[in-house]
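Below, all heavy atoms of this structure are taken into account, side chains as well, without hydrogens, waters or symmetry copies.
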Amino acid sequence: MDYDLGDSGTTEISYRLETRARRLLYTMLRVADLQRSLDFYIGILGMRLLRRQDYPAGRFTLAFVGYDPEETHTALELTHNWDQTAPYLHGTAYGHIALEVDDIHSCCAALAEKGVAIARAPGPMKYSPTLIAFIEDPDGYRIELIEAR
């Protein structure tokens, strides 16, 4: 089925999810070292810690970070499993998360100065004039930076 912008699909669906779900809440990433990840997302990318909860019985911690309150904006959940010793495998299905920036060149220069891995230098997206770059978080997750138009 082809969809146009704004389409919500067929009306023949027995359970109408759009009457229940109204926005994207968060994306979850498993992280090896929670403090290192918080230092990256808060200290380098400028997000805020929105909430954090330890679950001693389950031996894990959830930390939610983002730029604005969770009640109105999407967040990033960082899940730290206390007993995980091996690095996580990203698999072939994971792509990246994306952040909008004002000036991609100065942003990448500042991030590189702070030791952030620049996986793809700023430049036009293939087949498009949109300026993008890719960086990596401490666990190797790719983050696309897109210059605001």
Side-chain angles (χ1 to χ4, degrees), residues 1-9 17-55 58-149:
M1 171 183 253
D2 287 336
Y3 296 100
D4 291 327
L5 291 177
D7 280 356
S8 61
L17 186 60
E18 72 272 8
T19 64
R20 302 278 189 263
R22 295 184 294 145
R23 67 182 180 92
L24 183 63
L25 298 177
Y26 57 84
T27 295
M28 184 272 275
L29 297 177
R30 289 181 178 90
V31 300
D33 180 330
L34 183 58
Q35 188 58 53
R36 182 179 69 172
S37 293
L38 292 173
D39 289 345
F40 177 79
Y41 286 100
I42 296 170
I44 293 176
L45 294 184
M47 293 183 184
R48 295 181 302 184
L49 181 62
L50 303 174
R51 62 185 163 112
R52 177 182 173 152
Q53 180 69 48
D54 292 326
Y55 295 86
R59 302 199 46 75
F60 67 95
T61 300
L62 302 180
F64 289 79
V65 296
Y67 292 108
D68 293 296
E70 274 185 274
E71 296 77 21
T72 55
H73 293 80
T74 304
L76 183 62
E77 174 190 333
L78 305 175
T79 298
H80 176 243
N81 293 298
W82 302 351
D83 301 320
Q84 179 72 24
T85 56
Y88 287 106
L89 301 176
H90 297 173
T92 57
Y94 176 79
H96 59 271
I97 60 174
L99 301 176
E100 182 181 65
V101 300
D102 290 326
D103 179 342
I104 200 160
H105 293 283
S106 63
C107 178
C108 285
L111 292 171
E113 193 173 292
K114 293 181 179 189
V116 173
I118 309 294
R120 181 201 188 273
M125 185 176 109
K126 194 172 187 179
Y127 310 115
S128 170
T130 302
L131 294 178
I132 66 169
F134 279 88
I135 61 173
E136 291 183 355
D137 85 350
D139 288 284
Y141 291 110
R142 294 253 170 144
I143 300 169
E144 181 179 16
L145 304 177
I146 303 171
E147 186 169 279
R149 293 185 191 194

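The heavy-atom pair separating Cys108 from Leu145 by the smallest distance is SG-CD1, 3.9 Å. When all heavy atoms are compared, the tightest approach of Thr27 to Leu76 is O-CD1, 3.3 Å. Across Val116 and Glu136, no two heavy atoms sit closer than the pair CG1-O, 4.0 Å. The minimum heavy-atom distance linking Glu70 with Ala75 is given by the pair CG-CB, 3.9 Å. Shortest non-hydrogen contact noted between Cys107 and Val101 is SG-CG1, 3.8 Å. Contact record, Ser37 with Pro138: CA-CG, 4.4 Å, taken as the closest heavy-atom pair.
The closest side-chain heavy-atom distance from Leu29 to Tyr94 is below 4.5 Å. With a 4.5 Å cut-off on side-chain heavy atoms, Tyr88 and Asn81 count as touching. Within the 4.5 Å cutoff, the side chain of Thr61 has no heavy atoms near those of the Leu78 side chain. Side chains of Arg36 and Asp139 form a contact here, defined as non-hydrogen atoms less than 4.5 Å apart.
Checking side-chain atoms of Ser106 against main-chain N and O of Asp103 turns up a donor-acceptor pair under 3.5 Å.
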Review point. After noting the C-alpha distance and the side-chain angles of Tyr41 and Leu49, does the key distance pass the side-chain contact (heavy atoms from CB on, under 4.5 Å) rule?
Key: CA-CA 9 Å; Tyr41 286 100; Leu49 181 62; over 6 Å; no
**Study point:** Test side-chain contact (heavy atoms from CB on, under 4.5 Å) applied to Leu50 and His73, step by step
**Key:** CA-CA 11 Å; Leu50 303 174; His73 293 80; over 6 Å; no
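Here Glu144 contributes atom CD and Ile135 contributes atom CD1; the two are 11.0 Å apart, rounded to the nearest 0.5 Å. Note that the OH atom of Tyr26 and the CD atom of Glu77 stand 5.0 Å from one another [nearest 0.5 Å]. In this structure, NE2 in His96 is found 11.0 Å from CZ in Arg120, a value given to the nearest 0.5 Å. Taking CG of Leu89 as the reference point, atom CZ of Arg30 lies at 11.5 Å (rounded to 0.5 Å). Distance check: Arg149 CZ to Leu131 CG gives 9.0 Å after rounding to the nearest 0.5 Å.
Considering Asp102, Thr130, Ile104 in turn, Ile104 is the only one that fulfils the side-chain contact (heavy atoms from CB on, under 4.5 Å) rule with Glu147. With His80 as the partner, the side-chain contact (heavy atoms from CB on, under 4.5 Å) test is satisfied by one option alone out of Leu34, Asp54, Asp33: Leu34.
The aromatic rings of Tyr55 and Phe60 lie parallel to each other, their planes meeting at an angle below 30°, with 60° marking the opposite boundary. Ring geometry for His90 against Tyr141 counts as parallel: the plane angle stays under 30°, on a 0 to 90° scale with 60° as the upper cut.
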